[in-house]
Structures are given as C-alpha cells and as structure tokens.
Amino acid sequence: MKIPKPTEADKERFRSTAPDDPRVEVKPMFGNLGAFVNGNMFMGLFGPTTGVRLSDDDAEALRANGGTDDFGPEGRPMKAYVALPEDLSEAEARGWAERAFEYVAAMPPKEPKSRKKG
C-alpha cells in the first residue's frame with residue numbers, strides 16, 4: 001500500500017489549523033502528521049487531506065457540509081474520522097479542529113503501550 005506524502009505547505013496548513021493549546025502535541029506518523037491530546041489523536045494529515053475525530057452529531061454536520069468518510073489509506077478509511085473538504089477556509093478548518101480537540105480531550109487519557117522485553 002502506497003502512503004501519500006504531504007507537501008511542506010500541507011504540513012504548515014495542518015499545524016496552523018491545530019488549536020493553540022499547550023496540551024496539543026503534533027508529531028509525525030508514517031510520513032504524515034497527527035495532532036494528539038492526552039495521547040489520543042484528534043486530527044490527522046494523510047497526504048494533502050486533514051481528517052478530524054468528532055462526536056456523532058458534529059461528524060454528521062461536517063458530512064452535510066462536504067466532509068467525507070474517505071480519510072486514510074485507500075480501501076481502509078479510518079472510521080472514526082471525517083475528512084475536511086478541500087475548499088474550507090482556514091477559519092472554518094480551525095473551527096472543526098477545535099471541535100475535534102474538545103471532543104477528544106474529554107476522553108480518558110490513552111495508556112502507553114507496555115513494551116515486552118526479551
């Protein structure tokens with residue numbers, strides 16, 4: 001499976017869309033980027049596409065406004081994420097990113113995976 005790579009402009013747009021909160025951690029994932037809060041990803045970049053994890057109601061609202069369920073590898077979309085429409089303004093994208101952040105920040109912190117020694 002070929003994983004699309006984002007351009008530097010895609011990465012910069014992603015970083016500028018992420019909420020300005022000290023709990024946000026943006027880090028690389030498979031050549032792309034993910035934005036996390038409490039160890040849980042709330043926003044991801046896959047090639048040029050940004051996907052957000054939203055409540056059911058917000059996800060439905062985003063789909064009604066052009067969001068799609070095809071975020072992630074071709075044939076294996078990430079079910080909990082909705083792709084932002086490409087024609088969103090920066091302010092609109094930030095609004096959806098903030099909703100995703102608030103939704104995921106309310107979840108329990110993700111426990112780190114223990115590594116087996118041996």
Side-chain angles (χ1 to χ4, degrees):
M1 163 180 29
K2 186 176 179 183
I3 297 178
K5 302 293 183 204
T7 65
E8 287 305 314
D10 295 332
K11 291 178 183 179
E12 182 54 38
R13 184 179 63 249
F14 180 85
R15 288 183 184 101
S16 71
T17 301
D20 185 19
D21 186 291
R23 297 173 290 167
V24 172
E25 181 181 9
V26 175
K27 55 188 177 181
M29 287 185 51
F30 310 109
N32 289 278
L33 294 174
F36 297 80
V37 59
N38 298 326
N40 295 304
M41 189 168 88
F42 67 90
M43 185 170 79
L45 181 66
F46 193 76
T49 306
T50 297
V52 290
R53 186 171 183 182
L54 299 164
S55 69
D56 291 341
D57 289 343
D58 281 345
E60 195 169 314
L62 180 54
R63 285 186 204 99
N65 287 290
T68 63
D69 290 327
D70 61 356
F71 179 73
E74 188 175 331
R76 296 188 54 175
M78 296 175 70
K79 294 179 184 177
Y81 293 81
V82 179
L84 296 178
E86 291 182 23
D87 61 351
L88 279 185
S89 71
E90 193 172 321
E92 290 171 315
R94 270 195 233 118
W96 287 111
E98 186 65 40
R99 287 183 189 193
F101 171 77
E102 290 170 5
Y103 173 67
V104 174
M107 295 177 175
K110 188 167 191 170
E111 294 295 323
K113 293 181 180 180
S114 61
R115 297 187 185 251
K116 293 182 182 180
K117 293 185 179 185

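These values consider heavy atoms only, across backbone and side chains, with no hydrogens, waters or symmetry-generated copies. Throughout, residue positions are numbered sequentially from 1 according to the sequence presented. Just so it is clear, the structure is predicted and the values come from calculations on it, not from any experiment.
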_Inter-residue atom distance D10.CG - K5.NZ, 0.5 Å rounding_ = 13.0 Å

*Using atom types as modelled and distance alone, determine if a side-chain donor or acceptor of D21 lies under 3.5 Å from a backbone N or O of R23.*
yes

_Minimum heavy-atom separation for D70 and A83, please, with both atom names._
OD1-CB, 3.9 Å

*Show your reasoning for whether salt bridge (charged side-chain N to carboxylate O under 4.0 Å, His left out) applies to R94 and E90.*
CA-CA 6 Å; R94 270 195 233 118; E90 193 172 321; 2.4 Å; yes

*Residue pair P85 / L62: nearest heavy atoms and the distance that separates them*: CD-CD1, 4.0 Å

_Distance in Å, L33 CG paired with E12 CD, rounded so as to fall on 0.5 Å steps_ = 10.5 Å

*Would you say W96 and M43 make side-chain contact, with heavy atoms under 4.5 Å?*
no

*May I have all residue pairs that pass side-chain hydrogen bond (donor to acceptor under 3.5 Å, both in side chains) and include part of residues 46-59, sequence neighbours excluded?*
D58-R99

_D69 side, atom CG; R63 side, atom CZ - distance, nearest 0.5 Å_ = 4.0 Å

*So how far is it from L54 CG to Y81 OH, rounded to the nearest 0.5 Å?*
10.0 Å

*Crowding at CD, E92 (>12 non-hydrogen neighbours, <6.0 Å)*: yes

*Working to the nearest 0.5 Å, report the span between CG of N32 and CZ of F46.*
6.0 Å

